[in-house]
Amino acid sequence: MSTETAEMLKMTGQAAITAALFQAMEEDSKVLVFGEDVADREGGGVMGTTRGLSTKFGDLRVRSTPIAEQSIVGAAVGAAMAGYKPVAEIMLMNFITVAMDMIVNHAAKLRFMSGGQSTVPLVIRTLTGAGWQTAGQHSDHYEGWFAHTAGIKVVAPATPADYKGLLLSAIQDPDPVLFIENSRTLFVPGEVAADQGPIPLGKARVAREGTHISLITYSGMVANCLAAAAELETQGISAEVIDLRTVSPWDKDAVLASADKTGRAIVVHEAVRHFGPGGEIASTIQEELFRKLKAPVRRLGAPYSAVPFAKVLEDAFLVQPADIAAAAKALCEYD
Amino acid sequence: MSTETAEMLKMTGQAAITAALFQAMEEDSKVLVFGEDVADREGGGVMGTTRGLSTKFGDLRVRSTPIAEQSIVGAAVGAAMAGYKPVAEIMLMNFITVAMDMIVNHAAKLRFMSGGQSTVPLVIRTLTGAGWQTAGQHSDHYEGWFAHTAGIKVVAPATPADYKGLLLSAIQDPDPVLFIENSRTLFVPGEVAADQGPIPLGKARVAREGTHISLITYSGMVANCLAAAAELETQGISAEVIDLRTVSPWDKDAVLASADKTGRAIVVHEAVRHFGPGGEIASTIQEELFRKLKAPVRRLGAPYSAVPFAKVLEDAFLVQPADIAAAAKALCEYD
Amino acid sequence: MFSPRSSRGDKAKPFERGLMSQTLENRASPDAATQLDIYRRMVRIERNDEFTRTQIRRGRITAPYYSARGQEVIPSTLSNLMTDDDVICTIYRGIHDMVAKGMPLRPLWAEICGRIDGTCKGKGGPMHLTHPETGVMVTTGIVGSSMPIANGFAWASLLDGSKRVTVAYFGDGASNIGAFHEALNLASVWKLPVIFVCSNNGFAEHTRYENATSVDFISKRAIGYGMPGYTVDGNDPLDMYAHAHAAIERARAGDGPTLLECKTFRFMGHVFGDADSYMTKEEKDAALAKDPLVLFRQKLLDDGIATEEQLEEMKTSIEAEVQDAIDFAFESGYASVDELRRDVFAEEIPA
Amino acid sequence: MFSPRSSRGDKAKPFERGLMSQTLENRASPDAATQLDIYRRMVRIERNDEFTRTQIRRGRITAPYYSARGQEVIPSTLSNLMTDDDVICTIYRGIHDMVAKGMPLRPLWAEICGRIDGTCKGKGGPMHLTHPETGVMVTTGIVGSSMPIANGFAWASLLDGSKRVTVAYFGDGASNIGAFHEALNLASVWKLPVIFVCSNNGFAEHTRYENATSVDFISKRAIGYGMPGYTVDGNDPLDMYAHAHAAIERARAGDGPTLLECKTFRFMGHVFGDADSYMTKEEKDAALAKDPLVLFRQKLLDDGIATEEQLEEMKTSIEAEVQDAIDFAFESGYASVDELRRDVFAEEIPA
Ligand SMILES: Cc1ncc(C[n+]2csc(CCOP(=O)(O)OP(=O)(O)O)c2C)c(N)n1
Ligand SMILES: Cc1ncc(C[n+]2csc(CCOP(=O)(O)OP(=O)(O)O)c2C)c(N)n1
Ligand SMILES: [Mg+2]
Ligand SMILES: [Mg+2]
């Protein structure tokens, strides 16, 4: 783990993922990496995230696949049950829709349905996020579906250090993990300790301390909440930003401690607000802190529509720092 | 619509669905019915729900399909865009996992992504529900996934009259509708007006009036809430039961009116509680009625596990009337 | 089926295959002991099935039951050629595959009855029986899904450097779903040691083969995956043996997957108790008249491989095994409701 | 490609197909006017593509662009044989299919630029262009998904009693996904008037055909669906014409679907701007040297079907059309954010 004296490196989330994969494959010969175009023959991934792995660890452990997500996840399930730790890549989250059976009916359930005999320690890495004008079928956030599915964990990092540390933990985890990369944060550089090790799943991070209101968020929206908090500070409002890191299981203790302290909370995510994951968190906060809240718990998320193409619409689709600041201000003035 | 003088028939939900399909196909030659085994050559469905349709309306409009849910929903999407009103059957909700792309990326989005040029007026009928010991891959409730997906409506009736009326509306609706049948209610007889017509989507029903607490529910859990309400009455607690009928879009006005009146609310569903659809409703109630609530809004749903096989476990998995009554009592005593 | 023609061994051509189907060259034949072993597995399946149906009729088992009566030859022959290290991925209609593979009957019955001593503590039930010790790795209730998972086990064999073979069982209806296509393509491109065993019983639920399947022989689909594919008489242990042997040898040799379409018939309809109205009495009677169990028994007697007494003794001892399993199951208790919080993850979910 | 051998018309065998591929018997040939029409569509595609890439290089278009430069012959030939009533379902790499089908360029460009006058008001963008008037019904960004939807349109033709034909465009990589299998099987069982047109450009993103596909010719997969399947020289308008003609005639006659595997090459890589490191310079140069546009142009001149002047005039007028569309697009405004609440459902979502 990083300490104050640890050497710090500047790298993007993508580089952090590459580093985590190298490290995990080096440390454990059971770790496998596969997906469309991931081997070096195919350029190490269309984004280059897996570049170098197949050259170093061989074509048997690092494999490019046909375009067949059901068979990708299926092979991951079987290999995991046979004692391996597959890290399967589904290029974009929208393509997970063709592999839902393998994830939901199989990966997530086989341990339970077998009474504990089957273990399925797989990781599915996937990428998503609006902002690049890839429109309705290339940028959806469906983490809520998987959070609602018993038996699979959902991780959604926001910083390069977390990309590395959480991926290491996801690979070590004895159960299936969906690891969600966000296209707006993946290429943003940040500090990562040279010896950055695993960061535990299920533990939130206080991304910024504050006293008046809690902004509870994860993935790409951490940056927007931090921007909103900076803006709110100029208006005399001190916002605390909690980065969940893991969407499911989420860190109830950390969230309740923060909301208890501030008395006000907004849950912010990129996913559509309607029946989105924010509902679980907001509901729990009001259940647990009923008399202590100074204002209702709010939720911010995308409007009820597909991700639009035109930049002007895409910007309006995404929750912006100004939206968060306005909602926070209104809550602080709530009466 | 039924009036007090209308002739009432006794029929099961299943018979009501059959009646609705006959009526819809008779009234509109654009209505199509298809799915695995639905034609009479195959016995009119494994449950017999579509029996008689192919004989009456012909093999071109009523067709059995191969076991290929993606091609079933795909054909529904294409036929709907070509001006038909397909009613596609996905035998059980767990099998929808292999057709998610067609539903989520296509049926739900094509109107939006085409700027309104494409219309996809299809209905997907599916069945689910625990209680028959069909275990982890045959009884899941995933309505939350679809409620979270912009562009598709989600209907989940609880009574024979609603099975008929809501299905008629779903077929007439200009947009995609997921129509969820519950295996515990489908074969329970009830009263249906002989001339039962469409019942509007998005409108809840007060299944039982009450003053102390609101139980907000739908589908198979309406019966359990009514049983709980009966039990609560013996304890001097008057529970109102709101049957949402449509999960998305849900009837916010009716729910808020009830919770405003009673000051206490529990959202009850069969789906897993964790990140379940109850979060949207509970969160909204506390947001809108913050100062008016006498107690936190509770949510009851299945525990975080797959549906178990053994009857004793399956019973514990399902929210039982006693669980609801106990939660309601606790809320009424909340302080 | 056991006509002189089909017992001629390597000349057997029980089906008139279309132009492009493949025919196996070097056909292996089972010796006497092997034939007896296959028959023993068949009887174990059939007795277990019969006893199960009796318990259902008496109302002692409440779950839906997908009998495989009539399909005994397929897994019995394959299992004879497999070791405990070899693994299978099977389906809701798969108890015969497990029994053939050698799964002990006590935990099997306890599971069917939802008891704590079941293979899955009563949490999975008959559609999700699992028994890694005998290589029963996955039982799925989702049509087609045994195949992509089987590939993962087969990939693991390559990684392990082992000779382990994986068998994916599925039905004719399943050959029309996307998972079949994706799995066979991947297995072929990766040369995986996996055998795709389609039990073509002519029906998918109530749908007749030809009303859902666009090709006369499923084995022809193997052409599209550059893989050997054979239509086999799945009720003939000799034809099954020849093809299963070739497929397993090929897999063990590292030459890749094989598709076996095994023609058979399910005597009890789709789910036990269904009305069978989707088939004619004639075709059902014709199939029943060719009960593979009866025919193979006669062949063993005719060929002097076993005596009446031996076979009766075999049956009696198997019935005792089944009865013992039933007694065991009904004496076993139920899981505590805490089990809902266990096996979701490795770590127990807090109460 | 336009060697004397392949221009011999019905004797053309541009690919050495494996044992089990099918060969078309009665080959239709395009007359002079038809050839000119096909060429005109090709030029419209190529000019539109070139202008698009220029706008991207200038930073005036920001979305990812999947150029189909090199694949012009396939949709140009098919579109010549289709009417506005016939419909297509295409993919992210599909603008050439639309342009060939006759989609007007003004709303196309406005859509690519995200403007309100776009076919989809700027809500869909280049991966979801839709223009029902010219039969462009669906453009999908999901590999394989054009095919199951195309079946629905084809079913509608049967229901309507019309002769409308549906074409599903897709790539070689898409032939390995489940949707392909399910769609071809259903189309065959239902005898749907649909044509599955696979543009086999040898690559799926960065993956070479043979590293992901288990069969040497995708057309062979048709055998598994009891449907005619042909491997066609997708860069040769004559070979394309013969096969497209047969497939369309078959569909209109009610005889069911056809699979056409059209061999081609994409000159600009997967997404415009990618590094092409997954192919060799030699193979790319070889493909570029056989640019179908250049070759077909020469053939039209050689055969006296058109003069240099005519072809220059054609090009000039097409360039004017494209430039007009660009100007139109960049003058068009943006949708109001209220559009996020419109077209989700027929009824507007309340603010
Ligand atoms: C994806 C999916 N669709 C539908 C079903 C419902 N279903 C269960 S068994 C069955 C028929 C399967 O037929 P086949 O593959 O021939 O196997 P058989 O039952 O004949 O052994 C169907 C449609 C399912 N379990 N999974
Ligand atoms: C289900 C799905 N998986 C992955 C992708 C990402 N992807 C987009 S295009 C493409 C390659 C498709 O190749 P091919 O079918 O040969 O068509 P081409 O691009 O060569 O025209 C891939 C993998 C996708 N869009 N959909
Ligand atoms: Mg079958
Ligand atoms: Mg390609």
Side-chain angles (χ1 to χ4, degrees), chain A residues 35-48 50-51 59 63-72 74 91-99 101-102 131-140 183 272 274 302-318 320, chain D residues 61-64 92 111-116 118 120-128 139-145 171-180 203-208 211-214 270-271 274-278 333-345 349 351:
Chain A
E36 292 155 20
D37 293 325
V38 302
D40 288 332
R41 188 178 62 191
E42 286 76 33
V46 274
M47 304 282 192
T50 50
R51 192 166 295 154
D59 287 342
R63 316 204 107 181
S64 292
T65 66
I67 308 170
E69 283 76 7
Q70 209 170 336
S71 77
I72 294 173
M91 203 175 280
L92 291 178
M93 189 171 238
N94 282 82
F95 313 154
I96 273 188
T97 51
V98 292
D101 164 56
M102 280 297 149
W132 298 94
Q133 285 201 266
T134 53
Q137 293 178 337
H138 283 69
S139 33
D140 277 322
S183 63
V272 164
H274 191 69
Y304 185 77
S305 87
V307 183
F309 169 70
K311 194 88 196 93
V312 53
L313 296 180
E314 200 185 29
D315 286 346
F317 178 85
L318 277 170
Q320 299 294 345
Chain D
I61 295 177
T62 46
Y92 52 91
E111 190 59 32
I112 291 176
C113 298
R115 311 295 168 121
I116 186 77
C120 313
K121 307 183 195 169
K123 294 158 97 163
M127 272 201 275
H128 307 298
T139 303
T140 181
I142 308 295
V143 165
S145 298
D172 49 303
S175 77
N176 296 321
I177 204 164
F180 166 90
F203 288 90
E205 295 210 336
H206 302 185
T207 299
R208 217 172 257 287
N211 292 332
T213 318
S214 53
H270 173 59
V271 60
D274 82 15
D276 270 14
S277 66
Y278 47 87
Y334 291 103
S336 112
V337 298
D338 295 342
E339 282 298 334
L340 291 175
R341 295 183 288 98
R342 298 197 189 117
D343 307 324
V344 177
F345 290 134
I349 308 281

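Computed over heavy atoms, backbone and side chain alike; hydrogens, waters and symmetry mates excluded. Letters go in sequence order (proteins before strands), and every chain restarts at 1.
- Looking at D:V143, the atoms closer than 4.5 Å to chain A (heavy atoms on both sides) all sit in the side chain, from C-beta outward.
- The distance from atom CG of A:D37 to atom CG of D:N211, rounded to the nearest 0.5 Å, is 10.5 Å.
- Listed options D:F345, D:Y278, D:Y92 were ranked by heavy-atom pairs under 4.5 angstrom with chain A; first place goes to D:F345.
- Contacts with chain D were tallied for A:E36, A:H138, A:E314; A:H138 has the most, counting heavy-atom pairs under 4.5 Å.
- Between D:L340 and A:L313 the shortest heavy-atom distance is CD1-O, 4.0 Å.
- Contact detail for A:V312 and D:Y334: the closest heavy-atom pair is CG1-CB, 3.7 Å.
- Residues D:A63 and A:F309 share a closest heavy-atom pair of CB-CE1, 3.4 Å.
- In this structure, no portion of D:F203 lies under 4.5 Å from any heavy atom of chain A.
- For the residue pair D:N176 and A:A68, the shortest heavy atom distance occurs at O-CB, 3.7 Å.
- Neither the backbone nor the side chain of D:I61 comes within contact range of chain A; no heavy atom of the residue lies under 4.5 Å from a heavy atom of that chain.
- Proximity to chain D involves both the backbone and the side chain of A:Y304, based on heavy atoms less than 4.5 angstrom apart.
- Between A:E42 and D:E205, the closest side-chain pair of non-hydrogen atoms is not below 4.5 Å.
- The two atoms that bring A:T134 and D:M127 nearest to each other are O-CE, 3.6 Å, heavy atoms only.
- Heavy atoms closer than 4.5 Å to chain A are found in the side chain of D:I349, but not in its backbone.
- The choice from D:R115, D:H128, D:R341 that makes the most heavy-atom pairs within less than 4.5 Å of chain A is D:H128.
- Summarising the geometry, atom NE2 belonging to D:H206 is positioned 10.5 Å from atom OG belonging to A:S64; distances are rounded to the nearest 0.5 Å.
- Summarising the geometry of A:A310 relative to D:G114, their closest heavy-atom pair is CB-O, 3.3 Å, with the distance given to 0.1 Å.
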Practice item. Using the side chain to side chain contact (heavy atoms under 4.5 Å, CB included) rule, take D:T62 and A:K311 through it: C-alpha gap first, then chi angles, then the decisive distance, then the call. Key: CA-CA 9 Å; D:T62 46; A:K311 194 88 196 93; 5.6 Å; no

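- Note: D:T207 OG1 to A:R41 CZ = 7.5 Å, rounded to the nearest 0.5 Å.
- Chain A forms the most heavy-atom pairs under 4.5 Å with one residue out of D:C120, D:G118, D:A212, and that residue is D:A212.
- Counting heavy-atom pairs closer than 4.5 Å to chain A, the top residue among D:T140, D:T213, D:D274 is D:T140.
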